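Quantities reported herein were computed from a predicted structural model and do not represent experimental measurements.
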Amino acid sequence: MIVSAQVTRYDRRLASECGAASVVIVGLLAAVLLVVSAAVSVLSLLPATVTAANAADAAALAGADVLAGVVSGEACEIAERAASLGGATLESCTIDGPVVEATTSLVVLGLPVIARSRAGPPGWE
């Protein structure tokens, strides 16, 4: 009789833990999903940095072409058009002699991505 009473108490403890593995698995799956979604969000910024950098390069080169006489117009207006065609917004355009420095930006997931580029003749300081 004593043995059967001990077995009964042990069976009750096991019965109270029934389904605990399911809760642990659901928790692990939720944690993995959270980590993957955070990683995807961060990795989506990488192409945006390339887009901003390419737009800044295009804007600076387009402005430098105007100053060199290859293209007619205002250097910063042409740089702004080049930046918008590259998928970014021209934030600033600075002219120093024959050199154009352009800063572009775009917003991805609520975060600003900023890039700067400089173009002009070689050796110009």
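Atom CD1 of residue Ile78 and atom CG of residue Asp65 lie 10.0 Å apart, to the nearest 0.5 angstrom. Here OG1 of Thr89 is found 11.0 Å from CD1 of Ile114. Values are rounded to the nearest 0.5 Å. From Leu46, atom CG reaches atom OG1 of Thr51 across 11.0 Å, with rounding to the nearest 0.5 Å. Taking OG1 of Thr104 as the reference point, atom CD of Glu80 lies at 12.0 Å (rounded to 0.5 Å).
No side-chain heavy atom of Thr103 sits under 4.5 Å from any side-chain heavy atom of Leu90. The shortest side-chain heavy-atom distance between Asn54 and Val50 falls under the 4.5 Å cut-off. Taking 4.5 Å as the limit, every side-chain heavy atom of Asp96 sits out of range of all side-chain heavy atoms of Glu101. Side-chain contact between Leu111 and Val107: absent, with no pair of heavy atoms (C-beta onward) separated by less than 4.5 Å. For the pair Val26/Leu29, no side-chain contact is recorded, criterion being any heavy-atom separation below 4.5 Å from C-beta on. Under the 4.5 Å side-chain criterion, counting only non-hydrogen atoms from C-beta, Val36 is not in contact with Leu34.
The list of disulfide bond (SG atoms under 2.5 Å apart) pairs with a residue in residues 22-123, not counting sequence neighbours, reads Cys76-Cys93.
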Exercise for review: Please step through side chain to side chain contact (heavy atoms under 4.5 Å, CB included) for the pair Ser44 and Leu109, ending with a clear verdict.
Suggested key: CA-CA 9 Å; Ser44 69; Leu109 299 174; 3.2 Å; yes

Point to revise | side chain to side chain contact (heavy atoms under 4.5 Å, CB included) assessment of Val108 paired with Leu106 | key: CA-CA 7 Å; Val108 177; Leu106 55 101; 3.3 Å; yes

Exercise for review: Check the pair Val24 / Leu28 against side chain to side chain contact (heavy atoms under 4.5 Å, CB included), numbers first and verdict last.
Suggested key: CA-CA 6 Å; Val24 170; Leu28 287 174; 4.2 Å; yes

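For the pair Val100 and Gly63, the tightest heavy-atom approach, listed with the atom from each and the gap, is CG2-C, 3.5 Å. Nearest heavy-atom pair across Ala56 and Ala115 is CB-O, 3.9 Å. For the residue pair Ser117 and Asp57, the shortest heavy atom distance occurs at OG-OD1, 2.6 Å. Heavy atoms only, all atoms of each residue included: Ala88 and Ala55 are closest at CB-CB, 3.6 Å.
Side-chain atoms of Ser105 do not come within 3.5 Å of backbone N or O of Val113 as any donor-acceptor pair.
Val70 and Val66 fall within the same hydrophobic cluster, defined by Ile, Leu, Val, Met, Phe, Trp and Tyr side-chain heavy atoms under 4.5 Å apart, directly or through other members.
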